[in-house]
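Presented below is the structure to which this report refers.
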Amino acid sequence: MGKKLIVTEKPSVAKDYAKILGAKAKGKDFFESERYLITWAYGHLLTLKLPEDLKPEWKTWQMETLPMIPKEIGIKPLPKTHRQLKVIGNLAKRKDVDGAIIATDAGREGEAVGRYIFEWLRFAKPLERLWISSQTEKAVKAGFAQLKPAKNYENLYQSAVARGKADWLVGLNVTRALTVKYEDSLSAGRVQTPTLNLVAQAQEKMEKFIPTTYYSVALVYGNAKGRLQSKNPQRFKERQEQKTSLLPYKGKSVKSRKSNKRRRAKMRPCLMI
């Protein structure tokens, strides 16, 4: 009976799975049992290629080469984690390995981490997916008992690929355009730029805030206190205006009613980052 290669997203998770599945450390790179080989990534081991990796003329930042829209971007290993990618590759090539399990985080980016690895290795053996959100022993064992074919998560993987390509096309092109045009080190991004715009709007709103004085109507009767409820609590800008509004009620009796509404103070807008 062959073994399954398990790839987690972090070393700590691999260690937890090894303990639960009865695998022992083999050197400092992986764990092994009769049924499994368990190793790990360090987050992303691969990334999309840069412009200069695709075309020599894209190495120089200039307006004439923009926009850069390649037919295929492709992926490449990250230099700092290349050794771990080689470890996974060597384990995948073992003759006693008859399949692999993607055990990266259950989410879009976790899917990309695992799928990029096996795509780079051109892994042709059966590929399965572990999908759990808890690292308890019970959840882990249940997850390994209910593995699904990796192809069941193809749409999730493609959404991660699409997100990455969108970041590439917007971020790299606009960053280069701004930097070249204004001759300064400027950056832009698909998420970064609209987020900064929201921050700028909040900052502008805060700077334009003008504090104003207004008067409210309160009632004190014995130990009881009350306050006039109005759709526009800031309508009395002058004290005399407040007094005038009470004249129609002078000498008349009033009725009270219980209210469960909570009072809320209107605060000055603040900038949160």
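The model shown is predicted, which means the values in this text are computed figures rather than measured ones.
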Query - R163 (side chain) donor-acceptor with E109 (main chain) under 3.5 angstrom - result: no
**Report entry** Residues K4, D98: salt bridge by 4.0 Å N-O rule
**Finding:** no
Query raised in the report: Looking at CG of D167 and CZ of R190, how far apart are the two atoms once the value is rounded to the nearest 0.5 Å?
Result: 4.0 Å
Query raised in the report: Going only through I, L, V, M, F, W and Y residues with side-chain contacts under 4.5 Å, is there a path from V161 to W120?
Result: yes
Report task. Determine whether L66 and V180 make a side-chain contact, defined as any pair of heavy atoms from C-beta on separated by less than 4.5 Å. Result -> no
Query raised in the report: Counting N and O atoms only, with roles assigned by atom type, does the side chain of S33 sit under 3.5 Å from a partner on the main chain of R35, one being a donor and the other an acceptor?
Result: yes
Query raised in the report: Using 4.0 Å as the upper bound for N to carboxylate O, is an ion pair formed by K3 and E32?
Result: yes
Query raised in the report: Would a distance-only check, ignoring hydrogens and angles, find a side-chain to backbone donor-acceptor pair under 3.5 Å from T39 to D29?
Result: yes
Query raised in the report: Atom CZ of F30 and atom CG of N90: how far apart are they, to the nearest 0.5 Å?
Result: 9.5 Å
Requested in this report: Check whether any side-chain heavy atom of P149 lies under 4.5 Å from a side-chain heavy atom of L127, and answer yes or no.
Outcome: no
Report summary line: In this structure, CG of L5 is separated from CD1 of I88 (nearest 0.5 Å) by 7.5 Å
**Report entry** From CA spacing to verdict: side-chain contact (heavy atoms from CB on, under 4.5 Å), W58, D53
**Finding:** CA-CA 8 Å; W58 285 352; D53 298 321; over 6 Å; no
Report task. Count the heavy atoms of every other residue, nucleotide or ligand shown that sit under 6.0 Å from CD of E183, and state whether that count exceeds 12. Result -> no
**Report entry** Shortest non-hydrogen contact between G110 and T104, atoms and distance
**Finding:** O-OG1, 2.7 Å
Requested in this report: Identify the heavy atoms of A103 and L130 that sit nearest to each other, and give their distance.
Outcome: CB-CD2, 3.8 Å
Requested in this report: Consider only side-chain heavy atoms of I, L, V, M, F, W and Y, link residues closer than 4.5 Å, and tell whether L85 and L50 are in one cluster.
Outcome: no
Query raised in the report: If you round to the nearest 0.5 Å, how far is OG1 of T81 from CG of L46?
Result: 7.5 Å
Query raised in the report: W168 side chain to K49 main-chain N or O, any donor-acceptor pair under 3.5 Å?
Result: yes
Query raised in the report: Do the side chains of L156 and I101 join up, straight or via other hydrophobic residues, at under 4.5 Å, putting them in one cluster?
Result: no
Query raised in the report: Within a strict 4.5 Å, meaning less than it, do heavy atoms of the V87 and Q84 side chains meet?
Result: yes
Requested in this report: Start with the C-alpha distance between W40 and V13, add both sets of side-chain angles, then the distance that settles side-chain contact (heavy atoms from CB on, under 4.5 Å), and finish with yes or no.
Outcome: CA-CA 8 Å; W40 55 87; V13 178; over 6 Å; no
Report task. Say whether Q135 and Y17, considering side chains only, have a donor N or O and an acceptor N or O under 3.5 Å apart. Result -> yes
Report task. Examine distances only and state if a side-chain atom of T179 and a backbone atom of L186 form a donor-acceptor pair shorter than 3.5 Å. Result -> yes
Query raised in the report: Can you tell me how far the CZ atom of F144 sits from the CG atom of L147, to the nearest 0.5 Å?
Result: 6.5 Å
Query - I75 side chain near T47 side chain, heavy-atom distance below 4.5 Å - result: no
Report summary line: Tightest non-hydrogen contact, residues Y157 and A112, listed as CD1-CA, 4.3 Å
Requested in this report: State, to 0.1 Å, how close I38 and A23 come at their nearest heavy-atom pair, and which atoms those are.
Outcome: CD1-CB, 3.9 Å
Requested in this report: State yes or no: are the ring centers of Y153 and W131 separated by less than 6.0 Å?
Outcome: yes
**Report entry** Heavy atoms from other residues, nucleotides or ligands near CG of N155 exceed 12 (cutoff 6.0 Å)
**Finding:** no
Query raised in the report: Any idea which heavy atoms bring P11 and A41 closest together, and the distance?
Result: CD-O, 3.8 Å
Query raised in the report: Are L172 and V170 in one and the same hydrophobic cluster, where Ile, Leu, Val, Met, Phe, Trp and Tyr link if side-chain heavy atoms are under 4.5 Å apart?
Result: no
Query raised in the report: I6 versus L21: any side-chain heavy-atom pair under 4.5 Å?
Result: yes
Query raised in the report: What do the steps show when you test V174 against T193 for side-chain contact (heavy atoms from CB on, under 4.5 Å), and what is the final call?
Result: CA-CA 10 Å; V174 180; T193 302; 5.8 Å; no
Query raised in the report: When you look at NZ of K76, are more than 12 heavy atoms from neighbouring residues, nucleotides or ligands closer to it than 6.0 Å?
Result: yes
Requested in this report: State the CZ-OG1 distance between F31 and T8, to the nearest 0.5 angstrom.
Outcome: 9.0 Å
Report task. Taking T65 for its side chain and Q62 for its backbone only, find out whether a donor-acceptor pair lies under 3.5 Å. Result -> yes
Report task. Please report the shortest heavy-atom distance between T175 and G171, naming the atom on each side. Result -> OG1-O, 2.7 Å
Report task. Check the surroundings of atom NZ in K125: do more than 12 heavy atoms from other residues, nucleotides or ligands lie under 6.0 Å from it? Result -> yes
Query raised in the report: Could K151 and E128 be called an ion pair, given the rule that one side-chain N must be under 4.0 Å from one carboxylate O?
Result: no
Requested in this report: Taking the side chain as every heavy atom from C-beta outward, state whether V113 and Y116 have any atom pair closer than 4.5 Å.
Outcome: no
Requested in this report: Output, in order, the C-alpha distance, side-chain angles, deciding distance and verdict of side-chain contact (heavy atoms from CB on, under 4.5 Å) for V97 and L37.
Outcome: CA-CA 8 Å; V97 170; L37 295 172; 3.5 Å; yes
**Report entry** Electrostatic pair E111-R115, nearest N-O below 4.0 angstrom
**Finding:** yes
Report task. Check for a donor-acceptor pair, side chain of E9 on one end and backbone N or O of D105 on the other, with a separation under 3.5 Å. Result -> yes
Report task. Is it possible for you to say whether M63 and M68 belong to one hydrophobic cluster, with membership spreading through side-chain heavy-atom contacts below 4.5 Å? Result -> yes
Report task. Only counting residues at least two apart or in another chain, list the ones meeting side-chain contact (heavy atoms from CB on, under 4.5 Å) with P67. Result -> I69, N173
